[in-house]
Amino acid sequence: MSTHGFLHQAIIYLGAALVMVPLAHRLGLGSVLGYLAAGVVIGPSALGLIEDPEQVLHFSEFGVVLLLFLIGLELNPRRLWTMRKPIFEMGGLQVALCVAGLALVGLAFGFDNRASLVLGMGFAMSSTALALQLLREKNLHQIPVGESSFAVLLFQDLAVIPMMAAIPLLAPVAAGAESAGGIARLIPFAKVLLALAGVILAGRYVIRPIFRVMARTHIREIFTAFALAIVFGVALLMDAVGLSMALGTFLAGILLAESEFRHELEVDIEPFKGLLLGLFFIAVGMSMQLGILKSDPLLVLGLVLALLSVKLAVLFGIARLFRHSRQESALFALALSQGGEFAFVLFGVATEAKVLEPSQTGLLNIAIALSMAATPFLFMLHERIANRWLDSTPVELGPEHHARPEGNPVILAGYGRVGQVIGRLLHSQSIGITILELDPGQIETVRKFGWRTFYGDVSRLDMLRSAGAEAAKLLVLAIDDMEAVARTISLAKEHFPHLKVLVRADSRIDAYHFINTGVEVVRSTFAPGLEMGEEALKLLGVPSHETRSIAQRFKRYDREQLFKAAKHVADIDALITLSAQSKEELSRIMATDEKKRAEIVGDGWG
Amino acid sequence: MRVTVLFFHPFQRRSRVNRALWKAIQGVPGVVARDLYELYPEYSIDVEREQETLLGTDVLVFQHPFYWYSCPSLMKEWLDSVLEYGWAYGEGGNKLEGKRWLQAITTGGPESAYHREGYNHFSIIELMRPFEQSARRCGMVPLRPFVTHGSSVLDDAGLAAQAARYRELLAAIAAGSLPSELLTDRCEEIRG
C-alpha cells in the first residue's frame with residue numbers, strides 16, 4: 001500500500017473513532033460500542049469507505065495479544081488466592097452453567113453442536129469494562145455483590161485462555177492430519193514445553209537484568225521499545241511452536257507480573273493496546289453484516305432475547321445460591337448480563353478454525369453488540385419497575401464490606417530513608433500501600449526485605465493512574481526531586497481532585513510553594529533539627545518535660561511563621577524582613593516566658 | 001516493706017517545696033523514687049512497665065502538688081491507664097490487693113484554709129476522697145496523706161524540717177513500721 005493509501009485509511013479510522021466513541025460514551029453505552037459503531041459506519045454495510053476489512057482485522061489482532069499480556073501482567077496470585085472462593089466457585093459455576101445453557105439456546109436456533117458450544121463460550125463472557133463501569137456508577141463496587149462481580153469477571157479472564165486453546169481443537173479434522181502417530185504426535189507437545197521453559201528462564205535471567213540496565217539510562221522510549229519487543233518476541237515464538245500467540249503473551253505477562261517493572265510495562269503497553277484494540281473492534285464492526293438485521297430482524301432479536309434471558313436467569317440464581325439478597329442478585333445479573341468483547345475474539349478464532357461459518361459469525365457478532373447496548377437500558381428498566389418487587393432494604397456498608405479490587409488506599413512515591421519510615425508506620429496499621437521508586441538499586445535492596453516496590457515516575461499521569469490514583473485516598477510524595485513533586489501536585493489536583501496529597505519539602509522555599517497549592521506539607525529537615533535541639537537542651541540540664549514544652553512552643557510558632565511567609569513567596573525583600581522580624585519575635589516570646597517564670601517564687605502550689 | 005515513690009511535677013525548676021522534698025528522699029534504702037514527668041514527657045505511659053513496678057512494691061507513694069484540689073494531669077493519666085480493669089480492679093483484678101496507698105502533697109494555702117470556714121471550704125481528707133476511694137476500689141489500704149501546707153510562705157528552715165520529716169517517714173515505712181498517725185478509719189470525722 002502506498003504511503004498515501006495508508007494515511008488515507010488511518011484518517012478514516014481515526015475520524016470514525018473520534019466521532020462515534022465520545023458519542024457512545026455520552027449515551028452511556030461504553031467505548032466498545034462506539035468502536036463497533038464506527039466500524040459499521042465506515043464499513044461495507046454503510047458508507048463503504050473501507051472495502052476490505054480482513055487486512056485490518058489481522059493487524060489489529062495484535063491488540064488482543066497485548067490485551068492478554070496485560071491481563072497476565074495484572075494477575076495478582078496473592079489476590080487470586082485470597083479471593084479463591086468467589087473466583088473459582090462462583091466464577092466457575094457461572095461459566096460452566098452459562099456455557100451449557102447458552103449452547104442449548106444455540107442448538108434451539110439451529111446451530112450445530114460445535115458452533116453452539118462456541119456460542120455458549122462466547123456469550124458466557126461478560127464485558128469487564130461495561131460491568132465495572134456500571135457498578136462503579138451506581139456505587140456498588142464496594143459492597144459484597146461488587147466483590148462477587150469482580151471475582152466472576154476475573155475468572156472469566158482466566159477462562160478465556162483455555163477456551164482459546166480449545167476452539168481450534170473443535171475444528172473439523174482435515175483429511176491428512178491424523179496420520180502422524182505415536183511419538184511424532186508428541187513432538188509438537190514437547191516443542192511447546194520447551195518454548196514455555198525458555199520463556200520462564202529468559203524471564204528470570206535475561207529480561208529482568210536487561211530491564212535494570214535500561215532503567216538506569218532513564219530514557220523513556222527504550223522501555224517502551226523493549227516492552228513491545230518482549231511481547232512480540234514471545235508471541236512469535238509461541239506461534240512458531242503451535243501455541244496461540246495470545247496464550248503465549250498471557251504467560252509472558254504472568255512471568256513479569258511480580259517484577260518491579262510491572263507498572264512501567266503496563267504504562268508503556270497500555271496506549272498501544274488501547275489503539276490496537278480499538279482498531280480491532282472497528283474491524284469487527286466493519287465485518288458485521290447488518291444485512292441480517294434488515295432481512296431477518298425477528299431472528300436476531302429472538303436470539304438476543306433468548307441469550308439474555310438464559311444468562312440473566314443463571315446469574316441471578318448463582319448470586320442467590322451464594323447468599324446475596326434479591327436486590328443485590330438482580331444488580332449482579334444485570335451488570336454481567338451482556339456478552340463481552342472477548343466473545344468477538346473467540347468468534348474470530350472460531351471462524352479462522354472453521355468452526356463457525358462467516359455468516360454465523362456475522363449473526364453472533366450482531367447479537368453480542370445488541371446485548372451490550374441493552375445493558376444500560378435494562379438497568380434503567382430495573383430501576384423503574386423491579387424495585388417494587390424485590391426487597392427494598394437498603395444495603396448497609398460496614399467496614400468488613402469494603403473490598404479493594406483496584407488497589408491500595410495509599411500511594412507512596414519515594415522509598416528512600418524518609419519514605420521507608422512512612423511505609424513502615426502505615427504498614428504496622430495494615431494499611432495497603434503501593435510504592436513507586438525511581439532508583440533501581442533502591443528497589444532491589446528494598447525488595448530483598450520483602451516490600452512490594454515498583455519502578456515508576458509518579459509525576460506521570462499514566463503512572464498515577466496505573467498505580468491506582470483513581471481509587472486511592474492518599475498520595476504521599478517522599479521523593480527528593482522538588483520539581484517532580486510540583487508537577488505531580490498539579491496533575492493530582494487536576495485529574496484526581498478527591499485524592500489527598502501529603503508532600504515532603506526539602507527547603508523553606510519549597511515549603512512555601514507547596515503550601516500555596518493547598519497540600520499538606522512536612523519539612524524534611526525541621527523535625528530532625530528540632531529533635532537535636534531538644535536533646536541539646538536536655539544535655540544542658542533542662543528537664544525532659546520542660547524541654548518538650550519549649551520545643552512544642554517553638555514548633556508551633558515556626559509553623560505560623562511558615563504560613564505567613566508563604567503568602568510573600570514571590571517577594572524576596574518581604575521574606576527577608578519577615579525572617580528578621582520573626583527571629584526577634586521568637587526571642588521576645590521566649591524571654592517573656594522566662595520573665596513570668598522568674599516572677600513566681602516557685603510554683604503556686606509548691 | 002518495699003516503697004515506691006511516684007513523683008509528679010511538670011516543671012520542677014519552678015518548684016521549691018516539691019523539689020526539696022524530692023531531693024530529700026533520694027537514696028533512702030528500700031525506697032525506689034521515680035520521676036514520672038521525666039520518664040514520660042509526652043504522656044505516653046508504658047502501662048506494662050508501670051504495672052511491673054507496682055507488683056514489686058508494698059507501699060505506693062504519690063508525691064505531687066495539690067493542683068486544683070487534685071493532681072497534675074500526668075498523674076491522672078497514670079491512674080486512668082495503669083489501673084486497668086482485670087488487673088487493678090474488677091474480675092480477676094487483684095494485683096494491688098493489700099498494698100498501701102500514700103499521698104505526699106503540697107498546697108499553696110495554709111492548713112487553716114482547709115476547713116468549713118476556711119476559703120477552701122473543705123478539709124484535705126474530704127477533698128481527697130476520690131483518691132481514697134480509688135485506693136479502696138483496688139483493694140488497697142489508703143493511708144492519711146502527708147501534707148505540706150502553705151508552700152508559698154514556708155521559710156527555708158521550715159522547708160528543711162519538713163523535708164527531713166518526709167525522709168524519716170519513708171525510711172521508717174521501708175524499715176517495716178507504719179506510723180499510726182497514717183492509719184485511717186472507714187468513716188473519718190469531718191472536722192468542722
Side-chain angles (χ1 to χ4, degrees), chain A residues 421-422 424-431 522-560 586-606, chain B residues 7-22 34-45 63-75 77 103-111 113 120 127 146-156 158-159 162-163 166:
Chain A
V421 178
I422 302 172
R424 281 166 52 213
L425 179 61
L426 292 177
H427 184 72
S428 75
Q429 297 304 300
S430 301
I431 296 176
V522 175
R523 285 173 288 163
S524 55
T525 49
F526 185 78
L530 188 66
E531 205 180 321
M532 275 191 89
E534 273 187 73
E535 283 307 312
L537 285 176
K538 277 195 251 186
L539 288 168
L540 292 169
V542 182
S544 287
H545 185 70
E546 194 175 336
T547 305
R548 185 90 287 240
S549 178
I550 292 168
Q552 293 299 74
R553 215 159 1 146
F554 177 84
K555 180 177 173 184
R556 222 184 351 245
Y557 179 75
D558 189 86
R559 199 163 171 85
E560 269 167 33
L586 183 60
S587 311
R588 215 178 359 101
I589 289 177
M590 295 299 198
T592 313
D593 284 338
E594 192 56 54
K595 207 158 147 263
K596 275 199 210 136
R597 256 204 306 275
E599 275 167 8
I600 303 167
V601 178
D603 188 318
W605 306 83
Chain B
F7 176 46
F8 292 92
H9 199 297
F11 295 105
Q12 284 181 47
R13 298 203 298 178
R14 297 188 210 164
S15 159
R16 186 172 153 254
V17 177
N18 264 290
R19 197 150 40 118
L21 294 177
W22 173 246
R34 304 173 73 233
D35 180 344
L36 274 284
Y37 269 95
E38 191 60 28
L39 285 173
Y40 305 113
E42 288 167 60
Y43 282 60
S44 41
I45 296 187
Q63 181 191 331
H64 63 91
F66 202 41
Y67 281 173
W68 289 109
Y69 316 112
S70 181
C71 58
S73 52
L74 184 60
M75 181 167 154
E77 175 67 24
Q103 269 164 284
I105 61 172
T106 65
T107 72
E111 197 268 340
N120 286 324
L127 291 168
F146 177 82
V147 189
T148 308
H149 281 295
S151 48
S152 38
V153 295
L154 199 54
D155 61 19
D156 291 342
L159 181 54
Q162 185 70 341
Y166 183 42

Q. For A:Ser549, is it the side chain, the backbone, both or neither that has a heavy atom under 4.5 Å from a heavy atom of chain B?
A.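 Looking at A:Ser549, just its side chain touches chain B.
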
Q. Would you find a donor on one side and an acceptor on the other, under 3.5 Å apart, between the side chain of A:Glu546 and the backbone of B:Phe11?
A. no

Q: Count the heavy atoms belonging to other residues, nucleotides or ligands that lie under 6.0 Å from CD of A:Glu531, then report whether that count exceeds 12.
A: no

Q: Pick whichever of B:His64, B:Gln12, B:Glu42 has the most heavy-atom pairs under 4.5 Å with chain A.
A: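 Top option by heavy-atom pairs under 4.5 Å: B:Glu42.
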
Q) Between A:His545 and B:Pro10, what is the shortest heavy-atom contact and its length? A) CD2-O, 3.3 Å

**Q.** Closest approach of A:Arg548 to B:Pro41 (non-hydrogen atoms, all atoms of both residues)
**A.**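 So the two residues come closest at CG-O, 4.0 Å.
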
